Enquirer: 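Have a look at this one.
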Amino acid sequence: MRAADDMDGFEAEASTASMVSGASSPYQPTTEPVRQNRGWRGIQCDGDYVRSLPGGLKCSQVVLALLAFICIETIMECAPCEGLYFFEFVSCSAFVVTGVLLLMFSLALHERVPHINWVLTDLVNTGLSALFFFIASVILASLNHRSGAEISAAVFGFLATISYSVNTYLAFRKWKFGSGSQNMRQSSDYMRARSESRDVDCRPEIQRLDA
């Protein structure tokens with residue numbers, strides 16, 4: 001009888017010890033779902049960006065560049081043709097690059113490639129597109145033969161210049177604000193690290209252990 005009581009007491013102690021060791025163990029079971037890297041799956045449209053001012057400007061730039069390219073492609077005769085070829089190159093390049101950026105931003109694909117500074121990339125694209133569209137439109141307007149296609153292409157080119165210029169201003173403000181915030185954060189981290197190091201040097205009770 002006593003042996004049975006001793007056995008029950010031993011099992012109770014073992015159960016208690018198991019519960020204590022399980023509670024103190026760093027490898028605790030968790031009900032938190034494991035996040036998996038979905039890669040390029042699960043792509044969704046970012047409606048907030050499309051409805052925003054930068055998103056609307058991007059859409060207008062793609063449309064204007066495409067219309068300008070279509071108009072310039074309908075011209076069959078030109079003399080001289082250098083201005084026409086330059087406008088064709090600018091409108092086609094702006095349409096492709098801006099279209100790719102629009103897809104990246106509207107589908108939030110840029111968040112999957114964080115090592116690229118997308119704000120600076122957008123600033124460079126909009127700034128260069130505004131400059132080259134303005135130059136190409138001025139050249140086309142001064143060398144055109146008063147045909148409807150050339151006039152329409154020049155008009156779309158100037159409208160694209162305005163759209164890109166506004167977007168350049170917004171992108172510059174966003175880039176400048178982001179750079180300023182990052183510099184302030186780095187400066188605050190540096191000052192905090194210096195303050196902590198100074199506190200350690202001023203407290204004699206803290207002993208430094210040699211490796």
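Given the structure is predicted, the values throughout are model-derived calculations rather than measurements. Reckoned from all heavy atoms, side chains included, excluding hydrogens, waters and symmetry mates.
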Enquirer: Mind listing the closest non-hydrogen atom pair of Leu102 and Gly55 along with its distance?
Expert: CD1-O, 4.4 Å

Enquirer: Phe172 and Val124: same hydrophobic cluster, using ILVMFWY side-chain contacts below 4.5 Å?
Expert: yes

Enquirer: For Phe133 and Ser91, which heavy atoms make the closest approach, and how far apart are they?
Expert: CZ-CA, 3.7 Å

Enquirer: Does Val90 reach the side chain of Tyr85, with side-chain heavy atoms less than 4.5 Å apart?
Expert: no

Enquirer: Can the ring centres of Phe105 and Tyr49 be said to be less than 6.0 Å apart?
Expert: yes

Enquirer: Would you indicate whether the side-chain heavy atoms of Asn167 and Asn125 approach each other to under 4.5 Å?
Expert: no

Enquirer: Say whether Ile151 and Leu159 are linked into one hydrophobic cluster, either directly or through other cluster members, by side-chain heavy-atom distances under 4.5 angstrom.
Expert: yes

Enquirer: Looking at side-chain heavy atoms only, is the closest gap between Ser52 and Asp48 below 4.5 Å?
Expert: no

Enquirer: Hey, are the side chains of Phe132 and Phe89 touching, using non-hydrogen atoms and a 4.5 Å cut-off?
Expert: no

Enquirer: CG/Leu109 to CD/Glu111 distance, rounded to the nearest 0.5 angstrom?
Expert: 9.0 Å

Enquirer: State whether a side-chain donor-acceptor pair under 3.5 Å links Tyr164 with Thr98.
Expert: yes

Enquirer: Considering only heavy atoms from C-beta outward, does the side chain of Leu170 approach that of Thr126 to under 4.5 Å?
Expert: no

Enquirer: Between atom NZ of Lys176 and atom CG of Leu123, what is the distance when rounded to the nearest 0.5 Å?
Expert: 12.5 Å

Enquirer: Roughly how far, to the nearest 0.5 Å, is CG of Leu67 from CZ of Phe156?
Expert: 4.5 Å

Enquirer: Could you report the tightest heavy-atom contact between Ser163 and Leu57, atom names first, then the distance?
Expert: OG-O, 3.5 Å

Enquirer: What's the shortest heavy-atom distance between Glu150 and Leu140, and which atoms?
Expert: O-CD2, 3.8 Å

Enquirer: Is the backbone of Ala149 close enough, under 3.5 Å, to the side chain of Ser152 for a donor and an acceptor to pair up by distance?
Expert: no

Enquirer: What's the separation between atom CD in Glu88 and atom OG in Ser93, rounded to the nearest 0.5 Å?
Expert: 10.0 Å

Enquirer: Between His110 and Ile116, is the side-chain contact (heavy atoms from CB on, under 4.5 Å) condition met? List the steps.
Expert: CA-CA 8 Å; His110 64 289; Ile116 297 179; over 6 Å; no

Enquirer: Where is the tightest heavy-atom contact between Phe158 and Ser137, given as atom of each residue plus distance?
Expert: N-OG, 3.6 Å

Enquirer: Before you tell me yes or no, could you show the steps for Ser165 and Thr161 under side-chain contact (heavy atoms from CB on, under 4.5 Å), namely the whole-Å CA-CA distance, both residues' side-chain angles and the distance that decides it to 0.1 Å?
Expert: CA-CA 6 Å; Ser165 300; Thr161 301; 4.1 Å; yes

Enquirer: Determine, using the 4.5 Å side-chain heavy-atom cutoff (strictly less than), whether Val100 and Leu66 are members of one ILVMFWY cluster.
Expert: yes

Enquirer: Could you walk me through whether Ile139 and Phe87 pass side-chain contact (heavy atoms from CB on, under 4.5 Å), step by step?
Expert: CA-CA 8 Å; Ile139 294 176; Phe87 189 92; over 6 Å; no

Enquirer: Is Asp122 salt-bridged to Lys58, cutoff N-O under 4.0 Å?
Expert: yes

Enquirer: Are Ile75 and Phe86 co-members of a hydrophobic cluster defined by side-chain heavy atoms under 4.5 Å apart?
Expert: yes

Enquirer: Is it possible for you to say whether Val166 and Leu128 belong to one hydrophobic cluster, with membership spreading through side-chain heavy-atom contacts below 4.5 Å?
Expert: no

Enquirer: Determine the minimum heavy-atom distance between Ala153 and Ala68, stating which atoms define it.
Expert: CB-O, 4.1 Å

Enquirer: Any side-chain heavy atom of Trp118 sitting closer than 4.5 Å to one from Leu101?
Expert: yes

